Structure formats: structure tokens, C-alpha cells
Amino acid sequence: MPSSTIMAIYNLLSMEHLLPRVLRALFLFSCVLFAASCFEKDEAPEPDSRPGVQAIGFYSGDDGGRMCRWDNGRRTDRGFRMGSASQSVYCTAMTSSEGNIHAVGWDSNTGLGRPAYWINGIQKELPRPADSDWVFYNSVTASGGKVYVGGSYYLSWYSLPCYWVGSKRVELPLDGQTSDPFIKVEGECSSIAVSGGKVYAAGHYRTVNIPGIGHNPMPSPCYWVDGVFMTPDMPVWESTGECKSIIVSDGKIYIFGRIGSRVCYWADGARTDLPYPEYASNLEFASMCVSEGKVHVAITCESVWGTGSIAYYWNGSEWVMFSNRQNYDSSTAFSIKVICGKVHITGSYNNRPCYWVDGERVDLSAPASTTRGYCYSLEVN
């Protein structure tokens with residue numbers, strides 16, 4: 001050890017009255033470093049092989065959930081931890097705008113839990129009627145510096161569709177309401193989009209029979225254009241179904257949904273029926289995009305073997321499955337985009353965040369303790 005170092009240590013120990021102050025300063029400095037690491041930083045894995053990719057997502061584990069973003073594969077956590085070891089958190093939709101990450105979903109201790117809306121991991125409250133029993137947030141998008149959240153709220157056990165713009169709640173009307181106290185029409189908004197200053201929403205409605213006896217379990221598809229209720233083209237022999245996703249491309253409205261036991265999409269009112277995916281049961285999520293006049297669809301369905309969900313991509317002629325039937329693994333798909341001629345689909349594989357590029361899976365980093373992780377959206381620079 002150099003003599004200068006020995007002398008410095010000797011002088012420090014000789015100044016007994018200053019030693020407690022030094023130790024306190026070192027302790028406080030270490031606390032600051034620890035807090036900073038908990039707020040914004042996590043381990044930095046090696047970048048993946050897709051330079052220029054920026055993605056946003058979410059992961060949760062034993063100590064709650066965290067919003068995050070990946071830049072060239074390197075993960076940066078955003079905001080505070082959401083939930084705790086006894087309080088699970090689940091996001092259903094996410095978008096980014098002006099550097100902020102917006103998400104909707106649930107936090108719960110037991111049962112259905114409580115709906116939640118987060119900005120950079122900080123939970124915010126959206127207004128609802130004082131006598132509302134429950135609220136659902138299903139979709140989120142951003143346009144013109146405003147954030148739009150689509151969902152529904154329950155009033156006297158009836159579900160009423162609506163959306164929020166910032167802190168303002170906007171009702172979505174339903175046709176068929178009568179003065180008969182034993183017949184009610186309820187509905188839900190599943191997807192929301194904004195284009196040209198107009199708000200587009202998609203969902204379903206259904207007639208509810210005598211209160212206290214039961215609900216009609218068969219919904220019918222519907223959508224709204226700037227608050228005007230509409231129904232898509234349906235075959236004469238079928239009246240049940242639902243709209244799961246709505247987008248606007250080149251001034252045309254595209255909707256993906258289900259009619260009876262089949263899936264389909266509408267392009268400016270014209271319906272195209274698709275075969276139901278193999279090994280799929282209930283349709284859970286759907287996303288679509290249009291590139292050079294071609295409709296691309298990514299969906300998530302429950303598996304018929306009951307082992308989780310399966311992500312599918314419609315390539316124009318058949319469904320491509322992203323789960324391995326022999327391994328009984330699970331996959332989810334949340335968004336789809338065509339970038340530079342390549343199809344990008346975000347989601348998860350076996351509860352780990354990932355995305356696919358033309359069918360090739362790219363895994364994203366998450367802590368080893370992660371029990372559920374998703375990638376919701378991406379951009380390529």
C-alpha cells in the first residue's frame with residue numbers, strides 16, 4: 001500500500017469527532033444510489049439483433065409489476081412498482097405518447113380486482129358515476145396530445161359503453177332502449193381509435209331480460225363513429241357476435257370481430273369471412289393493420305386443450321400459430337404493424353415479453369423473477 005494512502009487513513013482515524021459524520025454521509029449516499037436503481041434502472045442485457053427497435057411493455061413478479069421500454073433490446077424500467085407480492089397487476093392495453101407510457105388494466109388482491117389506468121407506472125383515477133358498481137378499461141390510444149380510454153361501467157348491474165378523454169367520460173349510445181323495466185340494452189366498448197378528429201369505437205351490445213333472473217349471454221356486434229351507434233353487415237341467419245378491434249386507414253374503417261362461431265373483418269362495410277383458427281376456442285384479443293391495401297390480423301384465443309392462450313397471424317390465406325401444439329406452450333399477440341415490408345407482432349411467449357418479425361420470434365429481457373411479461377407496441381427507426 002502506498003505511504004500516502006496509509007497517511008490518509010491515519011489522519012482520518014485521528015479525527016475521531018469527524019468519523020460519525022463521515023459514516024452518516026456514506027450511509028446516506030448509499031441510500032440514494034439504491035433508490036435511484038429501484039426507480040429507473042435494472043440490469044442491462046445485451047442488445048438484440050434488431051437495431052432501431054423501440055418497444056414498450058410490462059412485467060410482474062413476486063414484488064409487483066413494472067412498466068418498461070426496450071431500446072435495441074436494452075430494458076429501462078419506468079416509474080414505480082405497481083402492486084406488491086400480495087397484489088397482482090395485469091395490463092390489457094398500452095400506448096406511448098410524447099415520451100409517456102399509458103396503460104390500462106387491473107390491480108387486484110382477490111377476485112376480479114380493481115380497474116386501473118397508469119401513466120409511467122403511476123396510477124390515476126378516471127371519473128365514473130357515483131352510483132356505478134364497476135368499471136372496465138379495455139383499450140387506450142393517443143392522438144393530438146390527448147389520451148383516449150375505451151371501456152364501460154356498470155350501473156344497477158347493467159354494462160354501459162363509454163370512453164374517456166383525459167378526465168372526461170363520454171357516453172356511447174345504444175339503440176333499442178325501451179321504457180319496459182324488464183328489458184334493458186347493455187354493451188361494452190372493446191377498442192378505440194382516433195382519426196381526423198373523429199372517435200371510432202367498437203364493441204358489442206345485447207338485450208338483457210328480466211333483472212334478477214339472468215342476462216342474455218349472446219351479444220351482437222356494433223361500433224360507433226363520433227358517438228353514432230352502428231351495426232356491421234351480418235348474414236341473415238346469424239345475429240350474434242362482437243367487434244374486437246377498429247382502425248381507420250386511408251379514410252376507410254376496418255373492423256375485426258366474430259360472427260357466431262366464425263371470425264371476420266369488415267373493410268368499409270364489406271365483410272370478409274375467415275376460417276376459425278385450429279385449436280382455438282374463445283377469441284380474447286385482436287389487432288389489425290392495413291399495408292398496401294392488404295389486411296393483416298393478429299389475434300389471441302384460448303386454447304382448446306386448456307393450457308393457456310394461442311397467438312395467430314392471418315397471412316392472407318391461412319392462420320399461422322405461434323404456439324407449439326406438441327409442447328402445450330402459450331403465446332399472446334397484442335399489436336401488429338407492417339414496417340419496411342415486414343410484419344411485426346408484439347406479445348408474449350410462455351409469459352415472457354417478445355415480438356415476431358415475419359414469424360421469427362425475438363425475446364426481450366425481463367428479470368428472472370418475472371411471472372408474467374408482455375410487449376404491447378413497438379416502433380422501428
Side-chain angles (χ1 to χ4, degrees), residues 55-60 65-69 78-79 82-83 88-98 100-108 112-126 135-143 146-153 161-166 169-170 172 188-195 199-204 223-224 242-248 255-257 283-289 297-301 309 311 331-337 344-348 351 353-355 372-379:
I56 58 174
F58 169 85
Y59 67 85
S60 64
R66 208 85 179 264
M67 287 183 183
C68 61
R69 62 176 296 135
R78 298 296 300 272
M82 301 144 62
S88 62
V89 177
Y90 178 65
C91 290
T92 55
M94 186 179 290
T95 190
S96 61
S97 174
E98 299 178 348
N100 296 313
I101 300 177
H102 303 267
V104 293
W106 299 90
D107 68 57
S108 68
L112 288 175
R114 182 179 60 171
Y117 163 58
W118 299 274
I119 302 176
N120 294 329
I122 301 174
Q123 189 164 329
K124 303 289 185 179
E125 294 294 330
L126 294 177
V135 177
F136 290 86
Y137 305 143
N138 298 323
S139 178
V140 61
T141 189
S143 177
K146 297 180 180 179
V147 178
Y148 298 77
V149 175
S152 63
Y153 67 94
C162 66
Y163 68 89
W164 289 262
V165 185
R169 178 173 50 83
V170 180
L172 290 171
E188 186 168 337
C189 170
S190 301
S191 176
I192 192 166
V194 181
S195 178
V199 178
Y200 301 81
H204 65 262
Y223 65 101
W224 296 265
E242 56 187 332
C243 295
K244 282 291 191 180
S245 177
I246 187 169
I247 63 170
V248 180
I255 302 171
F256 182 84
L283 175 63
E284 295 180 328
F285 305 106
S287 177
M288 59 191 312
C289 69
V297 181
I299 66 173
T300 302
C301 299
S309 58
S331 56
T332 57
F334 284 105
S335 70
I336 182 170
K337 293 180 179 179
H344 293 67
I345 299 173
T346 64
S348 71
N351 292 321
C354 71
Y355 62 90
R372 183 188 294 126
Y374 303 102
C375 174
Y376 287 90
S377 180
L378 63 75
E379 300 289 343

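This one's a predicted model, so the numbers in the text were calculated from it and none came from an experiment.
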Using only atom types and a distance under 3.5 Å, with no angle test, would you say the side chain of [X] pairs donor to acceptor with the backbone of [Y]?
X    : Y    : result
K337 : L378 : yes
N138 : C189 : yes
T300 : A333 : yes
N120 : I101 : yes
S309 : S331 : yes

Distance, nearest 0.5 Å, that separates [atom1] of [X] from [atom2] of [Y]:
X    : Y    : atom1 : atom2 : answer
K244 : S190 : NZ    : OG    : 5.0 Å
M288 : I299 : CE    : CD1   : 11.5 Å
I192 : Y163 : CD1   : OH    : 6.5 Å
I56  : C375 : CD1   : SG    : 8.0 Å
C354 : I345 : SG    : CD1   : 10.0 Å
I122 : N100 : CD1   : CG    : 9.5 Å

Requested in this report: Hey, can you tell me if Y117 and H102 have their rings parallel, tilted or perpendicular (30° and 60° cut-offs)?
Outcome: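 The rings of Y117 and H102 lie parallel, inter-plane angle below 30°.
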Requested in this report: Could you label the plane-to-plane angle of the H344 and Y355 rings as parallel, tilted or perpendicular, counting under 30° as parallel and over 60° as perpendicular?
Outcome: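 It falls in the parallel class, under 30°.
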Can you tell if the side chain of [X] reaches within under 4.5 Å of the side chain of [Y], non-hydrogen atoms only?
X    : Y    : value
M94  : Y374 : no
L283 : F256 : yes
S60  : F58  : yes
L126 : V135 : no
V140 : V147 : yes

So which heavy atom on [X] is nearest to which on [Y], and how close?
X    : Y    : result
P161 : S152 : CA-CB, 4.0 Å
S143 : V194 : OG-CG1, 3.6 Å
R169 : Y153 : NH1-CE2, 3.6 Å
W118 : V104 : CZ3-C, 3.9 Å

Could you tell me which residues satisfy side-chain hydrogen bond (donor to acceptor under 3.5 Å, both in side chains) with [X], sequence neighbours excluded, listed by chain and number?
X    : result
S191 : none
T332 : S348
S335 : T346

Query raised in the report: Would Y200 and Y223 count as a close aromatic pair, with their ring centres under 6.0 Å?
Result: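 They do not qualify: ring centres at least 6.0 Å apart.
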